[in-house]
Amino acid sequence: MTTDTHSATTTAPYAHEHTPRLEWAKLAPDVYKAMIALDAASKKGLDPRLVELVKIRASQINHCAFCVDMHSKDALAAGESIERIVQLSAWEESRHFYTEREAAALELTEAVTVLTDGFVPDEVYAKAAEHFDEPETARLIALITVINAWNRFGVTTRMVPGHYTPGAFTH
């Protein structure tokens with residue numbers, strides 16, 4: 001039996017951890033600082049647990065393992081349950097784990113994240129507008145847009161998941 005950082009005991013070693021392509025935040029610090037500021041502004045006034053659920057769901061769709069890792073850990077640190085985080089990838093079939101407000105935010109997250117499928121349907125927008133006032137809706141759209149940008153940095157530069165500690169970054 002071998003041991004590693006991912007599990008106490010395993011019968012076979014895990015696949016080799018990839019290395020990042022480059023450290024974009026260090027190479028473009030002005031862009032990174034602007035993203036941090038945009039991220040902070042986008043989530044003002046929104047429930048921190050809802051923020052993390054939205055960030056996890058967009059990151060799942062975008063296959064950003066680094067951001068899934070980060071925001072799952074941040075969600076746990078914010079008091080979110082493991083069960084709701086685990087069910088998030090199948091939230092439509094697990095709706096009873098989420099409030100109508102959260103479901104509306106998740107549906108809007110998917111519509112904004114997957115724009116290649118067309119546009120954000122009126123019904124999806126209207127449902128979100130039922131649960132969020134206009135300033136909250138504007139922040140929610142900004143939040144979804146910002147996490148999608150973070151995902152693109154993470155995926156493109158191959159940021160490595162598994163080493164994040166909650167609070168280590170400010171986004």
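Looking at heavy atoms from C-beta onward, Arg95 lies in side-chain contact with Glu100 at the 4.5 angstrom threshold. Side-chain contact between Ser59 and Val68: present, with at least one pair of heavy atoms (C-beta onward) separated by less than 4.5 Å. The shortest distance between side-chain heavy atoms of Thr145 and Leu143 does not fall below 4.5 Å. Side-chain contact between Tyr125 and Glu107: absent, with no pair of heavy atoms (C-beta onward) separated by less than 4.5 Å. Residues Leu88 and Tyr98 form a side-chain contact, since some pair of their non-hydrogen atoms from C-beta on lies under 4.5 Å apart. For the pair Val120/Ile141, no side-chain contact is recorded, criterion being any heavy-atom separation below 4.5 Å from C-beta on.
Criterion: ILVMFWY side-chain heavy atoms under 4.5 Å apart, direct or through other members. Under it, Leu140 and Val112 are part of a common hydrophobic cluster. Leu76 and Val86 fall within the same hydrophobic cluster, defined by Ile, Leu, Val, Met, Phe, Trp and Tyr side-chain heavy atoms under 4.5 Å apart, directly or through other members. Note on Phe66: it does not cluster hydrophobically with Leu53, by side-chain heavy-atom contacts below 4.5 Å among ILVMFWY residues. One hydrophobic cluster, built from ILVMFWY side chains closer than 4.5 Å, holds both Val124 and Val54. Note on Val146 and Val31: same hydrophobic cluster, where clusters join Ile, Leu, Val, Met, Phe, Trp and Tyr whose side-chain heavy atoms are under 4.5 Å apart, directly or indirectly.
Closest of all the heavy-atom pairs between Cys64 and Asn151 is CB-ND2, 3.6 Å. When all heavy atoms are compared, the tightest approach of Pro161 to Ala65 is CB-O, 3.5 Å. The two residues Ala75 and Glu52 come nearest to each other via the heavy atoms CB-CB, 3.6 Å. The two residues Ala128 and Ala104 make their nearest non-hydrogen contact at CA-CB, 3.9 Å.
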| task | List the steps, then state whether side chain to side chain donor-acceptor pair (under 3.5 Å) holds for Trp91 with Gln60. | result | CA-CA 12 Å; Trp91 71 269; Gln60 289 171 335; over 6 Å; no
| request: Could you give me the CA-CA distance, side-chain angles and deciding distance for Arg49 and Asp74, then say whether salt bridge (charged side-chain N to carboxylate O under 4.0 Å, His left out) is met? | output: CA-CA 9 Å; Arg49 292 188 325 168; Asp74 284 345; over 6 Å; no
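One N or O on the side chain of His18 and one on the backbone of Arg158 form a donor-acceptor pair closer than 3.5 Å. Distance alone, capped at 3.5 Å, is enough to place a donor-acceptor pair between the Glu136 side chain and the Asp133 backbone. Side chain of Asp69 to backbone of Gly162: a donor-acceptor contact under 3.5 angstrom is found. Between the side chain of Thr156 and the backbone N or O of Phe153, no donor-acceptor pair lies under 3.5 Å. The backbone N or O of Tyr164 sits less than 3.5 Å from a side-chain atom of Lys73, completing a donor-acceptor pair. Put simply, the side chain of Thr137 gets close to the backbone of Phe132: a donor and an acceptor are under 3.5 Å apart.
Taking CZ from Arg139 and CG from Leu46, the interatomic distance works out to 8.0 Å, rounded to the nearest 0.5 Å. Of the inter-residue distances, the one linking Ile56 atom CD1 with Met70 atom CE reads 11.5 Å to the nearest 0.5 angstrom. Atom CG in Leu106 sits 9.0 Å away from atom CD1 in Ile144 (nearest 0.5 Å). Residue Met35 holds its CE atom at 12.5 Å from CG of Asp30, rounded to the nearest 0.5 Å. With rounding to the nearest 0.5 Å, the separation of CH2 in Trp150 from CG in Leu38 is 9.0 Å. A distance of 6.0 Å separates OG1 in Thr157 from CG in Leu22, rounded to the nearest 0.5 Å.
The local environment of CZ in Phe97 is crowded, with over 12 non-hydrogen atoms from other residues, nucleotides or ligands closer than 6.0 Å. The number of heavy-atom neighbours closer than 6.0 Å to CG of Leu27, taken from other residues, nucleotides and ligands shown, is above 12.
Ring centroids of Tyr32 and Trp24 are separated by less than 6.0 Å, placing the two rings close together.
Inspection of the Gln87 and His96 side chains reveals no N or O donor paired with an N or O acceptor under 3.5 Å.
Residues in residues 77-94 take part in these salt bridge (charged side-chain N to carboxylate O under 4.0 Å, His left out) pairs, two or more places apart or across chains: Glu80-Arg84, Arg84-Glu102.
Between Lys55 and Asp39 there is a salt bridge, with a side-chain nitrogen of the basic residue lying less than 4.0 Å from a carboxylate oxygen of the acidic one.
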